[in-house]
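One is the number of the first residue; the rest follow in order along the sequence.
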Amino acid sequence: MNSDIIVGRLKQWKGSFRLWWAEIADSEDEYFAGNSDWLSGILQEDYGKEQERVSCEKRIDH
């Protein structure tokens, strides 16, 4: 598992927490920040998974 996957999951958790906090505090700013963190975490995790897939294919081809 590479670091992009781990950091992506951490960002998703952080975004989910901020969304939860935004509901409690009724804060639009926190809501948008949470959505941004959550989405960036998903993208980073997917990027890390794709890197692993490509790396694994390169090892198989050589």
Report summary line: Applying side chain to side chain donor-acceptor pair (under 3.5 Å) to Q44 and not counting sequence neighbours gives D4, K11

Suppose clustering is done on Ile, Leu, Val, Met, Phe, Trp and Tyr with side-chain heavy atoms closer than 4.5 Å. Which residues sit in the same group as [X]?
X	result
W20	F17, W21, I24
L39	L43
V7	none

Report summary line: For E50, the salt bridge (Lys or Arg N to Asp or Glu O under 4.0 Å) test, sequence neighbours excluded, returns R53

Requested in this report: Could you list the residues that satisfy salt bridge (Lys or Arg N to Asp or Glu O under 4.0 Å) with E30, not counting sequence neighbours?
Outcome: R18

Query raised in the report: Would W13 and R9 satisfy side-chain contact (heavy atoms from CB on, under 4.5 Å), going step by step from the backbone distance to the final call?
Result: CA-CA 6 Å; W13 180 84; R9 288 183 182 167; over 6 Å; no

Report task. Mind listing the closest non-hydrogen atom pair of S16 and W38 along with its distance? Result -> OG-CD1, 3.9 Å

Report summary line: Of all heavy-atom pairs linking E52 and N2, the shortest is OE2-N, 2.9 Å

Query raised in the report: Nearest 0.5 Å, what's the OG-CD distance between S40 and E45?
Result: 11.5 Å

Query raised in the report: To the nearest 0.5 Å, what is the distance between CG (D37) and CG (L10)?
Result: 9.5 Å

